[in-house]
Amino acid sequence: MKEVDKIFNSFLKDSIFTNKFILQTHYIPETIHHREKEITQLASIIAPALRMEKISNLFLYGKTGTGKTLSILYLRDQLLNKSKQQNKSLTIEYINCKLKKVADTEYRILSELIRKLGGNVPSTGLPTDSVYTKFIELLESRPQVFIIILDEIDHIVQKISDNFLYNLTRLNSELNKAQISIIGISNDLTFLDNLDPRVKSSLSEEEVVFSPYNAVQLQDILRERSKKAFKSGVISEGVIEKCAAYAAREHGDARRALDLLRISGEIAERDRDKKIVIEHIDKANEKMERDKILDIVETEPKQFQLTLLAIINLIDSKKYDKIFTGEVYEHYQQLCQKISFETLTQRRVGDIIAEFDMLGIINAKVVSKGRYGRMREIKLAVNQNIIEKIKKILYDSLNLN
DNA sequence: AGGTATTCACATGAAACTATTCTCTGAGTTAGG
DNA sequence: TAACTCAGAGAATAGTTTCATGTGAATACCTGT
């Protein structure tokens, strides 16, 4: 027990972090660098809310990790502070539409909103229109400005048509005392184009575009945050630059840069190193990549896992690194029999293979072998040591051996 | 030799089926007046 | 009597199967020199 204590103590004492939370993505710093232009633009759009006027519906878009959510949440806090001083009734709710089971249907979003307004919806459900009336009643209970931030708004549209958004934008005409506005956030740049024109025009009364950070800007951000997150002198020369460079390669994703730095720190800590060096970043990068893939593999349904296992086994047992659809299906059938699982049709397995291709775990391209048919040529797209881990996960999850 | 035609082994699409999950209804329960 | 609960009916959805059609190029088969 003494040993354990020692380890814990040394961890406490030698931690290279002072506050790891600062590197996390939910953290909102007091100042946001290199987004001044966007923030002032946003501020002038939403400022009328302080005078209890309806603000224009607003639409933000830009790639992931460009600070959209961060900026709007920052402004929300500022605005709420101000309005509290002024004693104005202003509510801003943030909903992430991507979260499954919370906000991925019209009904769920509404009931979530109602809950946030202080009402409640029975868990067994109500008709959608009565949820609407309830929502409206709650809004009308007192004069107020209500702003809804819908993050990843593209998700709801592809799941539940744009009717919902249309209804929301139309809601104002039914309200007397309250005002409602919508702020949509999306990282799909083409999202607006395949929207119903009526919705499009009312939703994007104002638009703000967030462009990616470049490497220099990323460096500033990282430096600023690492000053508070790490003890001084922990980061060696070139580390920040390298993190920024990695992330800049991925369309300037600041979230990724921060994750990279944080994980590098964790790795350094685990290795009992006092400093973060460049090698740690490489390790972190690899780890992130690996974790992402392993996570996908683990959460995939059994039939998908079986298909993947069939592919991996086949490639293992053969000398070549490419195999074809037919072989995969044959081996897949054998596997199914072995663990007495029902086999899917070849049609479906073909689709599953295509999905793994999309996920980037395998490379599958359609080739024609002339007289000998047309099929997908399949290769693994990840390196050997990850494959070993994938195999382990698959064997575990399928109870093989 | 050069040009079609055929053929293979799936790919790709659409419609139909099914098992889950959601949404909604109306009866029963609670509680406020 | 209005408001809430809740089980179960009915609708919507995701995952599959069935049926049908499409594809690219190696090979087979002509054709005329």
Side-chain angles (χ1 to χ4, degrees), chain A residues 95 97-115 117-141 152 154-168 296-311 314-315 318 320 322-337 339-359 361-379 381 397-398:
Chain A
I95 289 187
C97 308
K98 203 167 112 190
L99 296 176
K100 291 217 168 106
K101 306 281 174 193
V102 179
D104 60 351
T105 66
E106 175 176 22
Y107 183 84
R108 284 189 185 138
I109 290 173
L110 277 173
S111 56
E112 184 67 21
L113 284 172
I114 290 175
R115 225 168 292 132
L117 276 169
N120 70 316
V121 187
S123 53
T124 49
L126 285 174
T128 307
D129 53 338
S130 67
V131 180
Y132 263 109
T133 17
K134 186 154 189 176
F135 179 57
I136 292 173
E137 270 169 28
L138 270 169
L139 280 176
E140 288 282 77
S141 59
E152 319 252 1
D154 38 332
H155 275 81
I156 40 170
V157 175
Q158 49 160 280
K159 268 208 86 168
I160 28 169
S161 78
D162 36 21
N163 259 324
F164 172 58
L165 291 178
Y166 182 66
N167 288 342
L168 270 186
I296 293 172
V297 171
E298 203 168 0
T299 52
E300 215 74 349
K302 301 262 187 234
Q303 294 287 6
F304 282 61
Q305 296 185 341
L306 267 171
T307 310
L308 185 59
L309 187 61
I311 294 171
L314 264 177
I315 288 183
K318 290 182 89 174
Y320 336 99
K322 37 181 142 166
I323 53 175
F324 303 97
T325 315
E327 304 174 89
V328 174
Y329 186 62
E330 232 174 84
H331 192 77
Y332 158 82
Q333 281 178 310
Q334 291 170 16
L335 279 175
C336 282
Q337 277 198 343
I339 61 171
S340 50
F341 230 73
E342 54 186 317
T343 54
L344 299 178
T345 47
Q346 179 150 354
R347 177 74 186 76
R348 184 86 250 274
V349 172
D351 280 349
I352 292 177
I353 292 173
E355 284 187 44
F356 275 125
D357 182 39
M358 297 268 291
L359 289 171
I361 295 175
I362 62 174
N363 275 321
K365 75 172 178 209
V366 180
V367 294
S368 177
K369 298 203 147 280
R371 197 70 218 280
Y372 305 105
R374 222 168 82 97
M375 64 276 265
R376 285 205 174 85
E377 178 188 285
I378 300 163
K379 290 186 200 171
S397 125
L398 298 167

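Every chain is numbered from 1, with letters handed out A, B, ... down the list of sequences.
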Engineer: Could you check whether any side-chain N or O of A:Q303 sits under 3.5 Å from a backbone N or O of A:E342, counting only pairs where one atom can act as donor and the other as acceptor?
Structural biologist: yes
Engineer: Got a list of protein N/O to nucleotides 16-20 of chain C N/O distances below 3.5 Å?
Structural biologist:
{"from": "C:dT16", "atom 1": "OP2", "to": "A:R348", "atom 2": "NH1", "distance (Å)": "2.3"}
{"from": "C:dT17", "atom 1": "OP2", "to": "A:T345", "atom 2": "N", "distance (Å)": "3.0"}
{"from": "C:dT17", "atom 1": "OP2", "to": "A:T345", "atom 2": "OG1", "distance (Å)": "2.8"}

Engineer: Using whole Å, what does the distance between atom C1' of nucleotide C:dG22 and atom CE of A:M375 come to?
Structural biologist: 16 Å
Engineer: Closer to the 5' end of DNA chain B via nearest nucleotide, is it A:R371 or A:G326?
Structural biologist: A:R371
Engineer: Nearest whole angstrom, please: distance from the P of B:dC10 to the NZ of A:K365.
Structural biologist: 17 Å
Engineer: Backbone N or O of A:I296 within a donor-acceptor pair of the A:T299 side chain at under 3.5 Å?
Structural biologist: yes
Engineer: Could you check whether any side-chain heavy atom of A:I339 comes within less than 4.5 Å of a side-chain heavy atom of A:L306, counting everything from C-beta outward?
Structural biologist: yes
Engineer: Might you point out which heavy atoms bring A:S397 and A:K302 nearest each other, and give the distance in Å?
Structural biologist: O-NZ, 2.9 Å
Engineer: How long is the line joining OH of A:Y329 and P of B:dA11, in whole Å?
Structural biologist: 12 Å
Engineer: Whole-Å distance between C:dA25 P and A:R374 CZ?
Structural biologist: 9 Å
Engineer: Rounded to whole Å, how long is the line connecting atom CD1 of A:I323 with atom P of B:dC10?
Structural biologist: 12 Å
Engineer: If you check every side-chain atom of A:Y372, which of C:dA26, B:dT12, C:dG24 has the closest atom?
Structural biologist: C:dA26
Engineer: Using atom names, set out every protein N or O paired with an N or O of nucleotides 2-4 of chain B below 3.5 Å, distance rounded to 0.1 Å.
Structural biologist:
none

Engineer: Whether A:T325 contacts B:dA11 is assessed here as follows: a side-chain N or O lying under 4.0 Å from the phosphate OP1 or OP2. Is that the case?
Structural biologist: yes
Engineer: Calculate the interatomic distance between A:E327 atom CD and B:dC10 atom C1'; express it in whole Å.
Structural biologist: 13 Å
Engineer: Grab the two heavy atoms, one from A:F324 and one from A:I378, that are nearest each other, plus how far apart they are.
Structural biologist: C-CD1, 4.4 Å
Engineer: Given atom NZ of A:K369 and atom C1' of C:dT23, what is their separation to the nearest angstrom?
Structural biologist: 16 Å
